[in-house]
Amino acid sequence: MSEERSLNFIEEIVEEDIHEGKHGGRVLTRFPPEPNGYLHIGHAKSICLNFGVAQKYGGQTNLRFDDTNPVKEDVEYVDSIKEDVKWLGFEWANELYASDYFDLLYAFAVNLIRQGLAYVDDSTPEEIAEQKGTPTEPGKGNKYRNRSVEENLRLFEEMKNGQFPDGAKVLRAKIDLASPNMHMRDPIMYRIKHAHHHRTGDKWCIYPMYDFAHGESDAIEEITHSVCTLEFIPHRPLYDWFIEKLEIFPSKQYEFARLNLNYTVMSKRKLLQLVTENYVDGWDDPRMPTISGLRRRGYTPASIRDFCERIGVAKRENMIDVGLLEFCIREDLNKTAWRRMAVLDPVKLIITDYPEGKSETVFNENNPEVEGGEGGREIPFSRELWIEREDFMEEPPKKFFRLAVGNMVRLKSAYIVKCEGFKKDEAGNITEIYCTHIPESRSGNDTSGINVKGTIHWVSVPHAKTAEVRLYDRLFQVEDPSNEDGDFKEYINPNSLHILPNAYIEPDLATAVPGKGYQFIRKGYFTLDKNSTPDKLVFNRTVTLKDGWVKK
RNA sequence: UGUCCGAUAGUAUAAGGGUAGUACAAGUGAUUUUGGUUCAUUUAGUCUUGGUUCGAAUCCAGGUCGGACAACCA
């Protein structure tokens with residue numbers, strides 16, 4: 001148990017509480033998404049924090065759906081959230097819903113009314129906003145604020161019984177209309193919504209607001225550390241106020257800075273727009289920062305957990321470079337992905353001194369990063385090969401280690417070849433490249449004594465299979481689309497998806513398994529798309545390889 | 001012009017009165033049948049002004065800059 005990494009401030013708080021014997025040393029956290037959208041990488045940070053802290057200190061974590069606003073929520077989202085949390089590798093102690101507490105919450109509200117700490121207000125939303133004042137001016141009360149306990153009790157029950165239309169009345173906490181904290185100026189606790197709830201159906205027509213549901217749910221579950229993001233700091237006095245007046249379990253709220261990633265957006269509202277307005281192919285489009293999108297893109301749970309570990313947890317606003325996420329997936333896949341050969345932008349290479357009709361096989365290990373290579377496979381080799389168009393240059397710059405007339409390169413796992421010439425069509429496109437090979441240079445028993453600088457990948461023409469390959473780039477052209485002038489969608493990268501309908505892949509790739517990452521040698525990491533079929537293979541590029549060759 | 005939160009290399013994150021460290025990014029060199037990997041190495045930082053102290057990134061005061069807060073959203 002040598003722990004080199006220093007504690008983040010949340011862990012410090014938890015550790016201190018344990019040392020002080022608070023709650024008998026018990027640690028219970030919760031991850032509380034509203035089921036109104038898919039989880040994204042920002043949620044992953046929260047998930048890793050909440051589950052991670054609990055795990056570290058022998059505690060547990062509840063998965064609680066904050067489903068207090070039926071008009072925005074749906075079971076589709078509940079299901080996807082559960083899938084994503086599980087996929088990330090975490091197990092919750094209890095699957096819970098704020099809606100499970102509606103009866104209790106109603107009783108809590110009645111309790112506050114009895115104490116003279118809540119009242120029914122008939123004002124319109126506009127009137128309430130108007131009476132609330134501004135951050136620099138105090139608000140003022142209205143006549144409803146002085147209703148008797150009996151009247152409030154009666155009206156609140158009538159609200160519950162459906163005797164009023166939506167918006168006719170609200171229940172408000174009676175706190176302080178002059179508070180410098182806007183959230184303490186008689187916040188709304190309940191509103192009327194004659195809406196069908198995905199769990200409680202039509203039982204209720206009044207629903208609690210976040211502020212009157214979240215802390216209370218924490219208390220009901222006896223959550224010891226309720227961790228949320230910075231924007232809830234001003235809510236904390238209210239969180240504490242309800243708990244104090246209700247005399248319920250004293251859960252405490254702590255806030256950390258949410259994750260911001262450059263070249264993307266992270267708000268559910270914006271992500272929903274991208275989906276509904278068809279800028280992307282659903283919530284799990286591989287360009288989306290959603291967990292499901294990253295999964296479809298080929299990210300692994302371990303790489304995302306590693307990322308969340310590396311970015312740290314603090315209270316200052318941050319903007320993380322997406323390059324760090326890419327580093328994490330490269331590091332993971334470098335150690336685990338099997339190497340395969342695929343030619344994305346093909347041009348034909350003919351070995352003129354290799355017999356027509358002949359073929360042989362060459363061996364390539366699955367993973368050179370692992371002792372023993374995790375086995376390997378035989379790859380068919382023949383006179384005609386597909387190679388990458390960019391691996392040949394008619395007029396090469398200096399330090400170009402690939403093919404050019406007169407140059408020699410190694411064909412990965414096979415022979416060294418020397419370029420003798422090429423053919424162009426009328427339009428000036430190179431159509432064929434001619435080489436001779438050095439028979440003694442065969443990989444494994446090379447007796448040629450020749451050393452070449454470059455090694456290129458290839459696929460045998462008669463043995464090649466085809467696949468569609470999808471290359472992805474960042475979804476936005478600017479680092480922080482939400483902070484630019486105008487609509488964020490104006491900054492969408494028009495070239496974020498590049499489809500290669502006809503790439504050539506080595507035969508073994510026909511057996512590719514969904515969910516498994518492959519390294520296409522020299523090209524990057526790829527994974528099978530969920531819509532791939534044996535008849536039409538589709539690969540998504542997860543990330544390119546790091547490219548140390550800077551062209552000028 | 002209210003209340004609250006924050007400020008450490010390019011980006012993040014440590015150092016809790018006593019040597020400013022780590023990761024990513026960037027540069028250089030070596031290794032390499034992937035211009036990948038790996039290894040070595042370099043560059044680069046405490047917002048500001050005062051105070052307390054033998055000693056301050058750390059404690060105190062003022063300033064500056066950034067952010068949050070006035071949905072019947074969460």
Side-chain angles (χ1 to χ4, degrees), chain A residues 4-8 12 32-34 36 66-69 71-73 98 121 123-125 128-130 132-139 166-172 179-185 187-193 206-207 209-211 213-214 228-237 255 257 262 268-269 309-321 323-328 330-331 334-335 339 341 364 368-369 399-402 409-414 416 441 443-444 446 451-457 519-524 544-551:
Chain A
E4 325 81 359
R5 195 177 64 83
S6 52
L7 303 180
N8 64 51
E12 285 177 1
E34 182 188 15
N36 67 342
D66 230 335
D67 55 350
T68 58
N69 187 1
V71 303
K72 287 190 176 176
E73 297 154 7
D121 192 328
S123 306
T124 64
I128 288 180
E130 146 89 59
K132 211 159 206 175
T134 70
T136 51
E137 299 164 284
D166 287 6
K169 288 177 166 50
V170 291
L171 182 71
R172 289 227 255 170
S179 170
N181 182 342
M182 298 297 288
H183 295 276
M184 298 299 273
R185 321 247 265 225
I188 293 171
M189 296 164 59
Y190 268 93
R191 75 289 214 188
I192 302 172
K193 271 181 200 273
I206 57 171
Y207 292 92
M209 297 286 289
Y210 166 85
D211 284 308
H214 200 96
C228 62
T229 46
L230 253 30
E231 63 270 27
F232 291 98
I233 289 178
H235 295 247
R236 193 185 336 125
E255 311 87 5
N262 60 8
K268 279 195 208 167
R269 203 192 96 248
E309 187 72 27
R310 285 169 183 272
I311 58 179
V313 177
K315 295 191 76 156
R316 99 165 113 144
E317 310 273 351
N318 57 75
M319 173 70 77
I320 307 285
D321 193 325
L324 183 62
L325 222 205
E326 295 176 344
F327 166 83
C328 291
R330 283 194 190 105
E331 187 177 60
N334 177 49
K335 284 182 293 210
R339 272 57 171 174
M341 292 205 282
N364 179 242
E369 293 302 307
K399 299 254 189 141
F400 183 75
F401 301 149
R402 288 113 98 152
V409 298
R410 156 94 48 197
L411 294 170
K412 176 75 182 170
S413 297
I416 291 174
S441 66
S443 286
D446 183 346
N451 275 319
V452 292
K453 277 263 170 80
T455 298
I456 65 173
H457 60 283
Q519 185 194 105
F520 289 3
I521 292 174
R522 299 209 304 138
K523 297 311 298 181
T544 61
L545 255 29
K546 200 168 136 193
D547 190 359
W549 189 56
V550 279
K551 314 156 186 119

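Residue numbering restarts at 1 for every chain, and letters A, B, ... go by the order of the sequence lines.
A donor-acceptor pair shorter than 3.5 Å can be found between the side chains of A:His235 and A:Asp211.
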(request) Any chance you could list the contact pattern along nucleotides 23-43 of chain B? Use B for base contacts, S for sugar-phosphate-only contacts and - for none, protein heavy atoms under 4.0 Å, 5' to 3'. (result) SS--------BBBBS------
(request) Any chance you could list the contact pattern along nucleotides 69-74 of chain B? Use B for base contacts, S for sugar-phosphate-only contacts and - for none, protein heavy atoms under 4.0 Å, 5' to 3'. (result) SBSBSB
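Rounded to whole Å, atom P of B:U3 lies 15 Å from atom CD of A:Glu137. Here the P atom of nucleotide B:U11 and the CG atom of A:Leu325 are 19 Å apart, to the nearest Å. Spacing between atom CE of A:Met319 and atom P of B:A7 amounts to 18 Å, rounded to whole angstrom units. Here B:C4 presents its C1' atom at 7 Å from CD1 of A:Ile233, a figure rounded to the nearest Å. The separation between A:Glu309 atom CD and B:U22 atom C1' is 13 Å, rounded to whole Å.
Remark: A:Glu317 engages no residue in a salt bridge (Lys or Arg N to Asp or Glu O under 4.0 Å) (not counting sequence neighbours). Applying the side-chain hydrogen bond (donor to acceptor under 3.5 Å, both in side chains) rule to A:Lys268 yields the partners A:Asn36; only residues at least two apart in sequence or on another chain are considered. Qualifying salt bridge (Lys or Arg N to Asp or Glu O under 4.0 Å) partners for A:Asp446, counting only residues two or more places apart in sequence or in other chains: A:Arg410. Under the salt bridge (Lys or Arg N to Asp or Glu O under 4.0 Å) criterion, A:Arg172 pairs with A:Asp121, not counting sequence neighbours. Applying the ring pair (Phe, Tyr, Trp, His ring centres under 6.0 Å) criterion to A:His214, with sequence neighbours excluded, gives A:Tyr210. Every residue two or more places apart in sequence or in another chain that forms a side-chain contact (heavy atoms from CB on, under 4.5 Å) with A:Asp321 is listed here: A:Asn262. Under the side-chain hydrogen bond (donor to acceptor under 3.5 Å, both in side chains) criterion, A:Glu255 pairs with A:Arg236, A:Gln253, sequence neighbours left out. Partners of A:Arg191 according to the salt bridge (Lys or Arg N to Asp or Glu O under 4.0 Å) rule, which considers only residues two or more places apart in sequence or in another chain, do not exist here. Applying the ring pair (Phe, Tyr, Trp, His ring centres under 6.0 Å) criterion to A:Phe400, with sequence neighbours excluded, gives A:Trp549.
Comparing the C1' positions of B:G67 and B:C47 gives a spacing of 15 Å, expressed to the nearest Å. Using P as the reference atom, B:U32 and B:G36 are 13 Å apart when rounded to the nearest Å. Between B:C73 and B:G62, the two P atoms lie 40 Å apart (nearest whole Å). As rounded to the nearest Å, B:G35 and B:G10 have P atoms that lie 33 Å from one another. With both ends at atom C1', the span from B:A30 to B:U37 equals 14 Å, rounded to whole Å. Nucleotides B:A15 and B:U49 have their C1' atoms positioned 25 Å apart, rounded to a whole Å. Annotation: B:G63 and B:A71 have their P atoms spaced 30 Å apart (nearest Å). Remark: the separation of the P atoms in B:U34 and B:A20 is 43 Å, to the nearest Å.
How far CZ of A:Arg522 is from OG1 of A:Thr544: 13.5 Å, rounded to the nearest 0.5 Å. Distance SG/A:Cys328 to CD/A:Glu309: 10.5 Å, rounded to 0.5 Å.
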(request) Any chance you could encode RNA chain B as dot-bracket? Rule is Watson-Crick or G-U wobble with both distances under 3.5 Å; [ ] for pairs crossing earlier ones, | for another strand. (result) .((((((..((((....[..)))).(((((.......)))))....(((((..]....))))))))))).....
